[in-house]
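Just so it is clear, the model here is predicted, and its values are computed rather than measured. Residue numbers start from 1 in every chain, and the chains themselves are labelled A, B, ... in the order their sequence lines are given, proteins ahead of strands.
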Amino acid sequence: MDVRDHLRDALRNALGRAGVDPLPDEIALERPANLDHGDWSSNVALATAKSAGKNPRELGQALVDALSAELPAHVTGVEIAGPGFVNFRLADSWLHNVLVEVLEEGVDGYARSDLGSGAHLNVEFVSANPNKPLHAGHGRGACYGDSIARLKERCGFRVTRETYINDRGVQMTNYANSLAAAKVGGPIPEDGYQGAYIHEWAAEMPVDADPLEWGLERGKRSHAATLETLGIHHEIWFSERSLVASGAIDAAMDDLRTHEAVFEADGAVWLRSTDFGDDKDRVLVKSDGDLTYLTPDIAYHRDKFDRSDLLFNVWGADHHGYVARMKAAMQLLGHDPDELEIAITQMVDFVKDGEPMKMSGRSGNQIDLDDIIAEVGPDAARFTYLMQSVDSRQTFDLDEVAKKGMENPVFYVQYAHARICSILARAVEAGVERAPLEAVDVALLVDERELALLRSLEELPDIVRIACIDNAPHRVAAWAREQAAALHGFYHDCYVMGDGVSAGLTQARLALVAASQVGLQIALDLLGVSAPESM
RNA sequence: GCCCUCGUAGCUCAGCGGAUAGAGCAUCGGCCUCCGGAGCCGUGUGCGCAGGUUCGAGUCCUGCCGAGGGCGCCA
């Protein structure tokens with residue numbers, strides 16, 4: 001049983017004895033930032049005082065008296081502080097239990113939860129046009145989407161990673177025409193694509209190839225290769241053309257009509273999206289009979305719902321205006337709005353040599369994601385994209401991110417892991433045999449550095465859960481930096497082996513670094529960053 | 001004009017309604033007889049403005065100011 005459960009039970013008991021009725025549904029417990037305020041703290045006296053008609057300080061004191069009469073497990077003291085906090089002081093044994101728990105559950109089991117209850121979640125991300133290489137901005141959505149998928153998997157969702165290929169429409173025709181023109185050395189059409197990649201790809205293209213079909217595959221291959229360097233795999237590359245071929249668009253239109261979600265006006269067919277909060281109704285079929293961009297996309301989301309319980313989309317900031325209409329469309333089809341979650345990633349600015357980065361020549365009007373990865377490496381790219389909340393605009397400084405030293409957070413964290421591996425390897429070389437966990441006296445870990453490492457490890461399950469609920473992988477990145485800092489501090493002050501370190505303490509510290517390794521591996525895996533054994 | 005996101009230290013950013021707001025970089029200064037000094041420790045400055053809700057607000061609400069993005073029978 002978690003320490004918190006013990007504390008909650010005890011608090012509930014104490015509240016009853018203090019005459020609070022009814023008991024509050026939830027009893028908040030938190031780890032105070034300041035250790036002077038104890039190891040765990042509850043605001044329950046503050047929260048319930050009013051409804052119980054009591055003074056918070058007095059209620060708090062009553063709780064402290066009741067709790068002190070019979071201290072919960074691990075607790076060495078209870079006191080009231082500030083406006084009415086009940087603060088618990090715990091023996092180090094509660095942290096020693098954390099160590100045992102981490103090692104017993106391991107990388108696969110620790111910090112896992114069942115928030116998702118096995119629900120099938122479809123995470124759609126990247127979904128870039130196949131007519132040019134991925135650009136640097138795509139990197140953020142790509143790394144974010146993949147990390148979201150990893151978080152959701154760890155929290156009990158069954159996840160499918162999917163990307164949507166816009167393989168029909170005007171821009172595909174323009175792309176094919178550009179390839180065809182470049183192939184014969186002619187001028188690129190007015191509406192065509194100007195980047196150097198068009199000429200590179202055209203040179204690869206067999207003379208008898210259909211520029212559109214060949215170009216589509218070439219573009220997809222380019223995207224897949226770039227994503228591969230980041231360790232990102234989509235199980236499904238969903239073709240927009242396949243929607244047309246399968247009749248899914250007609251089926252979606254029929255479905256919308258059945259739900260009375262559309263009407264005709266001015267020769268066009270409109271979606272009643274204002275029924276569910278959109279600013280205005282949206283055209284689905286133009287007066288010339290063509291579909292708008294929205295229509296196949298609705299059919300696509302409808303198709304995804306046929307295959308999953310929940311949808312998660314990662315869209316760029318330029319698509320935010322699209323959120324309301326898609327959510328409205330899904331509600332018009334009878335879905336709960338919460339079943340479709342849409343995350344918007346804000347823009348990224350790239351800086352190099354202290355200057356805003358210029359558009360690269362290769363792809364015309366964009367900075368290629370490949371170039372960013374080549375410059376800083378996949379691990380640094382992923383960690384950097386994920387270090388910060390996607391809600392805020394990001395400045396990506398290539399000079400900082402490319403640094404191979406400890407001032408670079410990704411190396412700082414990875415080095416912590418490598419350092420642990422080095423210690424464990426050193427122990428093997430020195431002929432130190434690891435004792436089974438039951439035989440390790442974890443109570444020997446009393447140094448503040450050792451306890452700090454354990455306090456941080458104890459937080460990981462909460463961090464993962466919060467990161468999952470808030471769709472915030474950056475919380476995991478922040479945790480990894482803290483754990484790494486705790487490890488480096490421990491390493492500096494506490495020798496695992498050497499003069500004056502008893503055999504028993506060596507065993508306990510080996511267990512401790514092994515637990516830290518478990519935590520770091522979990523965090524780095526959630527971020528999609530490698531955990532190197534040496535650097 | 002409307003919608004979305006953001007505004008925290010000189011810079012880049014954390015901060016699940018809690019107590020004295022934290023990291024990295026940059027500045028200045030300490031620490032190597034042993035597991036990797038690619039490290040550790042110390043040092044200064046800050047929540048855009050004004051109201052509100054709350055026992056308690058950087059966090060929630062409203063307004064204003066500022067930045068970016070979006071407002072098409074384009075995709």
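Residue A:M535 is classed as a base contact, given a heavy-atom separation below 4.0 Å to a base. Within the nucleic acid shown, A:A81 comes within 4.0 Å of at least one base atom, counting heavy atoms only. Base contact: A:M497 has a heavy atom under 4.0 Å from a base atom. Within the 4.0 angstrom heavy-atom criterion, base atoms lie near A:D266. Among the heavy atoms of the strands lying under 4.0 Å from A:Q394 are primed sugar atoms or P, OP1, OP2 only; no base atom is included. Among the protein residues, A:D279 comes within range of no part of the nucleic acid, since none of its heavy atoms lies under 4.0 Å from any strand.
Atom NZ of A:K327 and atom OG of A:S273 lie 14.5 Å apart (nearest 0.5 Å). A distance of 6.5 Å separates NE2 in A:H301 from CE in A:M330, rounded to the nearest 0.5 Å.
A straight line from CG of A:L510 to C1' of B:rC35 spans 10 Å, rounded to a whole angstrom. With rounding to whole Å, A:I342 atom CD1 is found 14 Å from B:rG70 atom C1'. Spacing between atom CD of A:Q388 and atom P of B:rA23 amounts to 19 Å, rounded to whole angstrom units. The CZ atom of A:F263 sits 12 Å away from the C1' atom of B:rC73 (whole-angstrom rounding). We find that CZ of A:R282 is positioned 10 Å from C1' of B:rC3, with the value rounded to whole Å. Rounded to an integer number of Å, the gap from A:H319 NE2 to B:rG68 C1' is 17 Å. Following rounding to the nearest Å, A:D288 (CG) and B:rA75 (C1') show an atom-to-atom distance of 14 Å. In this structure, A:L398 atom CG and B:rC25 atom P are separated by 19 Å, rounded to whole Å.
OP1 or OP2 of B:rG37 has at least one side-chain nitrogen or oxygen of A:R419 nearer than 4.0 Å. Under 4.0 angstrom from either OP1 or OP2 of B:rC71 there lies no side-chain N or O belonging to A:K280. An OP1 or OP2 oxygen of B:rC41 is reached within less than 4.0 angstrom by a side-chain nitrogen or oxygen of A:R449. Dashed line: the shortest gap from a side-chain N or O of A:Y412 to OP1 or OP2 of B:rC40 is under 4.0 Å.
B:rC32 takes the syn form, because its glycosidic angle lies no more than 90° either side of 0.
Applying the 3.5 Å distance criterion, the base of B:rA14 shares no donor-acceptor pair with the side chain of A:S389. Judged by distance alone, with hydrogens and angles left aside, A:S287 brings a side-chain donor or acceptor within reach of the base of B:rC73, the pair sitting under 3.5 Å. For B:rG69, its base sits under 3.5 Å from the side chain of A:H320 at one donor and acceptor pair at least. On a pure distance criterion of 3.5 Å, a polar donor-acceptor pair joins the side chain of A:N87 and the base of B:rA19. The base of B:rG18 sits with one of its N or O atoms less than 3.5 Å from a complementary donor or acceptor on the side chain of A:N43. For a distance-only test at 3.5 Å, the side chain of A:H492 fails to qualify as a donor-acceptor partner of the base of B:rC41.
A cation-pi contact, defined as under 6.0 Å to the ring centre and within 45° of the axis, links A:R419 to A:Y491.
Searching all strands for a Watson-Crick or G-U wobble partner of B:rG46 with both distances below 3.5 Å returns nothing. Across all strands shown, B:rG7 forms a Watson-Crick or G-U wobble pair, both distances under 3.5 Å, with B:rC65. Searching all strands for a Watson-Crick or G-U wobble partner of B:rC71 with both distances below 3.5 Å returns B:rG1. Pairing of B:rU53, defined by two Watson-Crick or G-U wobble distances under 3.5 Å, is not identified with any nucleotide. Remark: B:rG58 base-pairs with no nucleotide in the shown strands. Criterion, Watson-Crick or G-U wobble with two distances under 3.5 Å. Nucleotide B:rA26 is matched to nothing when pairs are restricted to Watson-Crick or G-U wobble geometry with both distances under 3.5 angstrom.
The aromatic ring of A:H37 is stacked on the base of B:rA19, with the two ring centres less than 5.5 Å apart and the planes inclined by under 30°.
The pair A:K304-A:E124 meets the salt-bridge criterion, since a charged nitrogen lies less than 4.0 angstrom from a carboxylate oxygen. Using a 4.0 Å cut-off between charged side-chain N and carboxylate O, A:D493 and A:R449 make a salt bridge. Here A:D462 pairs with A:R4 in a salt bridge; the nearest charged N to carboxylate O distance falls below 4.0 Å.
The closest side-chain heavy-atom distance from A:E26 to A:R8 is not below 4.5 Å.
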